[in-house]
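What follows is a set of notes on a single structure, which appears directly below.
In this text the structure is predicted, and so the values were computed from the model without any measurement.
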2 protein chains.
Amino acid sequence: MARTTDPANADPLETVEALKALANPARLQIMNWLLDPHGEFSQWEPIADRDEVGVCVSHIQAKSGLAQSTVSSYMATLERAGLVRSTRIGKWIHYKRDEDMMSRLAEALRGTQRP
Amino acid sequence: MARTTDPANADPLETVEALKALANPARLQIMNWLLDPHGEFSQWEPIADRDEVGVCVSHIQAKSGLAQSTVSSYMATLERAGLVRSTRIGKWIHYKRDEDMMSRLAEALRGTQRP
DNA sequence: TTTACATATCGCGATGTGACGATATGATGG
DNA sequence: CCATCATATCGTCACATCGCGATATGTAAA
């Protein structure tokens, strides 16, 4: 059996990309906001069911105060890293946390889980 | 009670620093090696009990193939981020994973834990 | 088809990181 | 004290990231 110290699951390069994406205060905060879309974005009318598709870029931009181009590229970064998934609804693109990926990442950090 | 989306424990800035430290292939691999010092560093004679104090810089350098200065500054980065702890034994400085910190970080990623 | 709006992409200057060799510090053994 | 060895710090240059405004793309509505 081939030995790897790698924690149970993922490709190290993939893991590094995910960590890079999260290693930025704004992007990390957005990911935290997406944990509770209802609570965090209650002041904006949802375009669609936030439990299903997440939150649209405009609302994330409004809440963050960053430039539109910045938010757009940040969300692209998070998506390339596999941390969020996007859905277009009308003109709005919605982003939602990929909890599977976040869990796998968390386990990769914790190291070999108890078997 | 003040509602924060922050995952149960840590200061976001601290979290970002930890993620930045891990968001590098070499540093992430070193952290993985430190999960199993015995297995990973079996080809070098331990200076001290690796379960207690971890592994010295020379051995990490030998295994990584990076320059001595690079490894030294990487270990300093990991220590500043709170991910490892250091112990001097004779002329050797040993580094050991801080599993507490790693667990807290993992939970911060996974989001609000079930209470 | 034109207009309006949401989002993406481009180009930029500023700042940070990667990784190194050279050199300094600090402990140990003669 | 002096030499040696382990580690840290410094200086450097190539390259990546930050965050922005300007502009392009794409969708929907009039």
Working note: B:Arg97 + B:Met31, criterion side chain to side chain contact (heavy atoms under 4.5 Å, CB included); need CA distance, chi angles, decisive distance, verdict. CA-CA 7 Å; B:Arg97 268 173 75 110; B:Met31 288 303 286; 3.7 Å; yes
Among residues two or more places apart or on two chains, list those pairs meeting salt bridge (charged side-chain N to carboxylate O under 4.0 Å, His left out) that have a residue in [range].
{"range": "residues 26-35 of chain B", "value": "none"}
{"range": "residues 56-73 of chain A", "value": "A:Glu40-A:Lys63"}
{"range": "residues 67-79 of chain B", "value": "none"}

Tell me which residues in residues 85-92 of chain A put a heavy atom below 4.0 Å from DNA chain D, sorted by number, or none. A:Arg88, A:Gly90
Residues from residues 52-61 of chain B sitting under 4.0 Å of DNA chain D, heavy atoms only?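 Under 4.0 Å from DNA chain D: B:Cys56, B:Val57, B:Ser58.
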Protein-nucleotide distance ([X], atom [atom1]; [N], atom [atom2]), rounded to Å:
{"X": "A:His94", "N": "C:dA8", "atom1": "NE2", "atom2": "C1'", "answer": "16 Å"}
{"X": "A:Ile93", "N": "D:dG26", "atom1": "CD1", "atom2": "P", "answer": "11 Å"}
{"X": "A:Glu45", "N": "C:dA6", "atom1": "CD", "atom2": "C1'", "answer": "18 Å"}
{"X": "A:Leu22", "N": "D:dC18", "atom1": "CG", "atom2": "P", "answer": "12 Å"}
{"X": "B:Ile47", "N": "D:dA6", "atom1": "CD1", "atom2": "C1'", "answer": "10 Å"}

Working for salt bridge (Lys or Arg N to Asp or Glu O under 4.0 Å), residues A:Glu17 and A:Lys20: CA-CA 5 Å; A:Glu17 287 314 299; A:Lys20 283 203 271 194; 3.3 Å; yes
Matching residue for B:Val55 among B:Phe41, B:Trp33, B:Trp92, B:Trp44 - test: side-chain contact (heavy atoms from CB on, under 4.5 Å): B:Phe41
Do side-chain atoms of B:Thr70 reach the backbone of B:Leu66 as a donor and acceptor pair under 3.5 angstrom? no
Heavy-atom pair of closest approach, residues A:Leu28 and B:Pro12: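 Minimum heavy-atom contact is CD2-O, 4.2 Å.
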Taking OP1 and OP2 of C:dT7, is either one under 4.0 Å from a side-chain nitrogen or oxygen of A:Ser72?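 So the side-chain polar atoms of A:Ser72 never come under 4.0 Å of the phosphate oxygens OP1 or OP2 of C:dT7.
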Do B:His59 and B:Arg50 get their side chains close enough for a donor-acceptor pair, meaning under 3.5 Å? yes
Could you run down nucleotides 17-23 of chain C 5' to 3' and tag each one B, S or - for protein heavy-atom contact under 4.0 Å? SSSBBB-
Cluster check A:Val53, A:Val84: I/L/V/M/F/W/Y, side chain < 4.5 angstrom: no
Cluster check A:Met101, B:Leu19: I/L/V/M/F/W/Y, side chain < 4.5 angstrom: yes
